[in-house]
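Each remark here refers to the structure printed beneath this line.
Per chain, numbering begins at 1; letters A, B, ... match sequence-line order.
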Amino acid sequence: MSDTQLPVWEVFIQANPGIAHKHAGNVHAADAEMALQNARDVYSRRSEGMNIWVVPASAITASSPEDQGAFFEPSNDKPYRHPTFYKIPKGVKYL
Amino acid sequence: MEDQKQLDAFEAKIASGVKIEPKDWMPEAYRKQLVRMMSQHAHSEIVGMLPEGNWITRAPNLRRKAILLAKVQDEAGHGLYLYSATETLGVDRTELLEQLHSGKAKYSSIFNYPTLTWADIGAIGWLVDGAAIMNQTALARGSYGPYSRAMVRICKEESFHNRQGYEIMMHLTQGTEEQKAMAQDALNRWWWPSIMMLGPSDDQSPNSDQLMRWKVKMESNDAIRQRFIDRTVPQAEFIGLKVPDSQMKMNETTGHYEHGPINWDEFFDVIKGNGPCNAKRLKDRKEADINGRWVREAAMAFAAKRVKEKEVA
């Protein structure tokens, strides 16, 4: 095998308790443990996080931009999923 | 032939301020230019660690040493953000590093100058990082999503670099005559390379129209240079230093400083490889890569062994 820069891991950081992990970037690492340590060094030098997930980049499947229309449009013709679809008389409260 | 419809849609997207993401359609010229710019930027971050790393062991006290270590560590991080942003365009890091080592890819001309005294560490933070911030805040508004996001993050971290450098200079100017002279000497040596690192003047910088329309470049080199000079000259005056340009004067009508002629021959000569430290920088980078190879191989072998052990257990 020719020299590599080690496999890529995507990094997700939870900044505060109770909020979702957010994609921060990626690191190169030989295994999960090294990926976590590298992610800590690279993406949380200024207390940006309290928890980190690392995921092998090869394990991620993404939807493709060309299919954006066909993929997401079905939700556009269902306006009844939104609360504003329903007309409620003015006097009715807490609805 | 690139589909005109795709190109129109691409340009309309950019004009309306929507970012281009890695899997989106893009013209080959856009992709190529970005790989060139972004990898050059990434290389600059890691080559830039060398002149500063030169002073870590000789920082004048523990506070300064801790700060310099943190700054150099930041530069490594910046290099990594930029390499990974470049990788989204379909080139891997091994290939990018090979381009650096073979001389095919460039890095910022400024890092080919030596750091002769401690004051140079102040001058680099103040001037070189200062100039880089001017450039990078513009690039943060660029059209390529991964690059723009990396720039936002880098700019946030860079302002500490800028301020610690100015603080070093300020302390020296408040010191003995020798320390003052050392600060002035560092400014004398770093001033011109710093204003040159923002790139050739606009009349020598081709293809800018298309790059501006595609928001690969956000501002002309001269515009960024002017802003850098306007902000930096008063900072020098404030601490009793003088920029080494006898023709520098404020134009009261325009509100901008006017500078003397820039020695572009020197700039192009350094780019070509003839600066004081070009050979040393490349040699150090190549050695770092070669000496790190067994570590990467061992890490991969260890990871493979652990997977095997898990399978057996």
Counting only pairs under 3.5 Å, give me each side-chain donor-acceptor contact of residues 55-66 of chain A, with atom names and distances, residues two or more places apart or in other chains.
residue, atom, partner, partner atom, Å
A:Ser64, OG, A:Asp67, OD2, 3.1

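- Annotation for B:Arg153 and A:Val42: closest pair NH2-O, 3.9 Å, computed over non-hydrogen atoms.
- For the atom pair CZ of B:Arg93 and NE2 of A:His28, the computed distance is 3.5 Å after rounding to the nearest 0.5 Å.
- Residues from residues 79-92 of chain B that place a non-hydrogen atom less than 4.5 Å from a non-hydrogen atom of chain A comprise B:Leu80, B:Tyr81, B:Ser84, B:Glu87, given in numerical order.
- For B:Arg36, there are no salt bridge (Lys or Arg N to Asp or Glu O under 4.0 Å) partners, not counting sequence neighbours.
- For B:Asn61, the side chain to side chain contact (heavy atoms under 4.5 Å, CB included) partners at least two apart in sequence or on another chain are B:Arg63, B:Arg64.
- Once rounded to the nearest 0.5 Å, the distance linking CG of B:Leu96 with CD of A:Gln5 reads 9.0 Å.
- Of the atoms belonging to B:Arg149, not a single heavy atom falls under 4.5 Å from chain A.
- For A:Gln68, no part lies under 4.5 angstrom from a heavy atom of chain B.
- Contact check on A:Glu48 versus B:Lys156 returns no salt bridge, with no Lys/Arg side-chain nitrogen under 4.0 Å from an Asp/Glu carboxylate oxygen.
- Ion pair B:Asp74/A:Arg46 flagged as a salt bridge, since at least one NZ, NE, NH1 or NH2 atom sits closer than 4.0 Å to an Asp/Glu carboxylate oxygen.
- Contact between B:Met300 and A:Pro7 at its shortest, heavy atoms only, is SD-CD, 3.6 Å.
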